[in-house]
> 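What follows is a structure written as structure tokens; I'll ask about it next.
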Amino acid sequence: MKTFIGCCLTALLLLTGCSNGEHVFVVGDLTYKETKGGCKVAKSDDNYAGDIIVPAEVEYNGKKYEVVAIDDYAFRDCTDLGSVALPYTVTTIGNGAFMGCTQLGRVSLSEGLTEIGPSAFERCVRIQNLDLPATVVTIGEAAFENCTTLESIQLPNSITKVDAWTFAFCVSLKDIKFPDNLEEIGERAFASCKSLSAVYLPQHLKTIGKMAFQKCSGITNITIPVEVKEIGAGAFNYCDLQQIHVAIGNLFYVDDHGVLLTSDRKSLHTFPSKIVGNVVVSKGVEHILDQAFAGTERLWSLTIPEGVTSIGAGAFADCVSTREIKLPSSINTIGEGAFFNCVSLSSVNLPSSLTSIPAQCFVNCRTLRDIEMPDNVTEIGNSAFRDCVSLTNVKFPAKLKNIAASAFANCFTIRDVTLPEGLEQIGELCFSACSSLFRIELPSSLVLIGDACFENCVTLDRIILPSHLTRIGFKTFKGCASLAEVSLPSRMESIATSAFEDCSTLLNMRFPQSVKSIAAKAFMNCPSLIDVTMQRPIMIEWNSFDDKYVILHVPAGQKAAFEKQENYEHFKFIED
């Protein structure tokens with residue numbers, strides 16, 4: 001095993017040069033860049049390996065340089081690096097300096113170090129323990145993310161902030177000692193540190209970021225210190241929390257039977273995920289905040305009282321045992337993903353005051369069978385009901401204007417859909433893979449159907465397209481194996497790539513005078529399609545149709561004109 005040692009080494013000139021205006025030189029087995037106040041260890045053309053001791057000083061061309069820093073990415077992905085020792089002169093470890101050094105097991109940091117850059121030791125999966133010098137004042141974002149064998153760490157008193165993602169996914173981290181002066185814990189700073197159990201937050205802490213301790217499954221109780229004034233959404237979600245306690249005297253938060261509320265008791269912030277049973281939200285609550293109940297696995301039913309006006313994003317996400325949620329008429333806002341992955345939810349009443357169904361609201365609610373949307377709803381958001389595999393009956397509101405992308409994708413049991421007059425747009429993949437959908441009525445007001453909207457609706461047998469539609473998009477009806485009849489409107493101008501590909505029972509197509517182009521593979525692998533009628537020549541590709549099957553019918557006396565068109569030689573016959 002190679003070891004490189006030295007406090008002052010005589011220069012061995014291996015290469016010299018200039019990189020981005022910085023003078024680069026090699027002394028011994030380390031590469032350096034000249035910098036203000038000395039030099040910094042830089043990335044080598046060959047990866048560093050073995051055990052490395054960085055000297056405090058090097059000499060090159062008769063000039064002595066103090067080693068003051070480790071450059072950004074200097075040792076990145078040096079997978080054969082076993083240990084590293086830094087001298088007292090090094091004050092800064094740069095961004096990603098040791099990122100991905102998967103064999104790095106021992107790190108010796110000296111007093112004098114003040115800054116550890118973002119991702120400095122990210123994915124150093126063999127570091128088990130690390131002593132941080134008392135002089136360290138800054139630890140960058142994700143500095144120790146995914147150090148999966150790191151078991152304990154003590155932060156020096158000089159640290160006032162643990163930045164975002166700093167220790168995220170340190171799954172072996174059992175013990176963290178916070179300094180008394182700590183004021184902020186950033187977003188996801190300790191997310192998925194599942195071995196953390198006893199966490200004692202310091203008394204001067206003021207801010208806990210979003211998802212700071214999310215999925216720390218070993219945490220069962222937490223006390224919010226007296227000076228905390230901001231707690232981000234989901235800060236303690238998916239922990240095994242039995243209760244949350246707020247220190248007496250906190251001006252911003254209170255606890256009520258273990259539930260975290262804002263101090264005015266109008267906003268429910270966090271519900272401990274290990275509480276079991278049927279829950280009634282306390283009267284006086286007006287807002288259920290983002291991710292408030294997320295990950296509560298044994299919540300059977302939930303009753304929300306009148307007076308609650310808003311439900312935040314992801315508020316009930318992953319409440320996998322919740323069968324019923326009773327919403328009051330006072331609710332006027334529901335956030336994105338509010339009921340995401342509530343796989344047992346079979347019943348929910350939507351209040352009449354709602355004007356939209358937000359994106360991802362009911363994704364993967366696998367036992368939800370019926371949904372009746374209030375009359376005032378004008379928009380159904382992206383993926384709102386995606387993967388609701390038991391959804392059978394959907395009542396669409398009369399004022400609906402827009403259904404966004406993937407809104408009902410993979411709803412395997414929807415059979416019959418009637419969309420209201422006034423609807424203008426259906427987004428891409430909206431009803432894709434609705435394998436039981438055999439009938440859909442499209443309103444005359446519809447002007448846009450998104451790409452792949454009905455892809456793989458294998459039982460859909462006929463479609464009448466509305467009069468204002470001018471384009472059929474990419475893969476719109478691809479794989480509709482039962483589709484036998486399609487009626488194109490008189491304003492249709494273009495049919496995109498693979499629009500009807502794999503429609504194996506499609507019998508004939510009549511193209512109106514308005515159609516200008518049919519793209520590649522639009523009708524490929526449609527073996528039953530043998531009769532095609534055109535009113536005038538249309539721009540087609542050589543593979544727009546299956547040439548071995550299709551007979552093209554054209555107006556009397558125009559056969560010769562059609563035969564001259566590019567790619568028309570691929571039709572089996574042209575008849576006038």
> For the backbone of K43 and the side chain of Y48, can you confirm whether one donor and one acceptor N or O come within less than 3.5 Å of each other?
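No, Y48 side chain to K43 backbone: no donor-acceptor pair under 3.5 Å.
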
> Please determine whether a side-chain nitrogen of the Lys or Arg among D502 and K521 lies less than 4.0 Å from a carboxylate oxygen of the Asp or Glu.
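Salt bridge: no.
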
> Thinking salt bridges, do R491 and E493 make one under a 4.0 Å N-O criterion?
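No, no charged N to carboxylate O under 4.0 Å.
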
> Quick one: does any side-chain atom of T459 pair with a main-chain N or O of L437 as donor and acceptor, under 3.5 Å?
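It does hold such a pair.
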
> Might you work through the side-chain hydrogen bond (donor to acceptor under 3.5 Å, both in side chains) test for E306 and S329, ending with a clear yes or no?
CA-CA 7 Å; E306 286 293 336; S329 60; 3.0 Å; yes

> Take D576 and F562 through the side chain to side chain contact (heavy atoms under 4.5 Å, CB included) test and state the conclusion after the steps.
CA-CA 10 Å; D576 58 4; F562 276 82; over 6 Å; no

> Donor-acceptor pair, D451 side chain versus F474 backbone, under 3.5 Å?
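Checking the backbone N and O of F474 against the side chain of D451, a donor-acceptor pair under 3.5 Å is found.
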
> I'd like to know whether W300 forms a side chain to side chain contact (heavy atoms under 4.5 Å, CB included) with R323, so could you lay out the CA-CA distance, the side-chain angles of the two residues, the decisive distance to 0.1 Å, and finally the verdict.
CA-CA 6 Å; W300 312 134; R323 297 185 293 268; 3.9 Å; yes

> Find out whether D531 and T533 are in side-chain contact, i.e. whether some heavy atom of one side chain is under 4.5 Å from a heavy atom of the other.
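A side-chain contact is absent here, since even the closest heavy-atom pair is not under 4.5 Å.
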
> When you look at L506 and S528, which way does the side chain to side chain contact (heavy atoms under 4.5 Å, CB included) test go after all the steps?
CA-CA 6 Å; L506 188 61; S528 300; 5.9 Å; no

> I'd like to know if the side chain of T148 and the backbone of V171 have a donor-acceptor N/O pair within less than 3.5 Å.
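Here the side-chain-to-backbone pair does not exist.
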
> Looking only at atom types and distance, does a side-chain atom of S482 sit under 3.5 Å from a main-chain N or O of V458, one as donor and one as acceptor?
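Yes, because the side chain of S482 sits within donor-acceptor range (under 3.5 Å) of the backbone of V458.
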
> Spell out, as yes or no, whether a donor-acceptor pair under 3.5 Å connects the side chain of S514 to the backbone of S490.
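Checked: pair present.
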
> Could you check whether any side-chain N or O of S445 sits under 3.5 Å from a backbone N or O of E424, counting only pairs where one atom can act as donor and the other as acceptor?
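Not at all, since once roles are kept as given, no pair shorter than 3.5 Å links the two residues.
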
> For the residue pair S487 and R510, confirm or rule out a side-chain donor-acceptor distance under 3.5 Å.
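Looking only at side-chain atoms, R510 and S487 do not form any donor-acceptor pair under 3.5 Å.
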
> With side chain to side chain donor-acceptor pair (under 3.5 Å) as the test, pick out the partner of D387 among N341, N364, N410.
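Considering N341, N364, N410, a side chain to side chain donor-acceptor pair (under 3.5 Å) with D387 is found only for N410.
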
> Side-chain donor-acceptor pair under 3.5 Å between S119 and E145, yes or no?
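There is no such pair (donor and acceptor under 3.5 Å, judged by atom type) between the side chains of S119 and E145.
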
> Test your reading of the model: is there a side-chain donor-acceptor pair from E569 to the backbone of N567, 3.5 Å cut-off?
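Flag set: sc E569 to bb N567 pair under 3.5 Å.
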
> For the pair T367 (side chain) and S344 (backbone), establish whether a donor and an acceptor sit closer than 3.5 Å, ignoring hydrogens and angles.
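Looks like yes, one N/O pair under 3.5 Å.
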
> Check for a donor-acceptor pair, side chain of S267 on one end and backbone N or O of H269 on the other, with a separation under 3.5 Å.
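Absent.
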
> Under 3.5 Å, is there a donor-acceptor pair between the S444 and E421 side chains?
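Note: S444 and E421 side chains meet the donor-acceptor criterion.
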
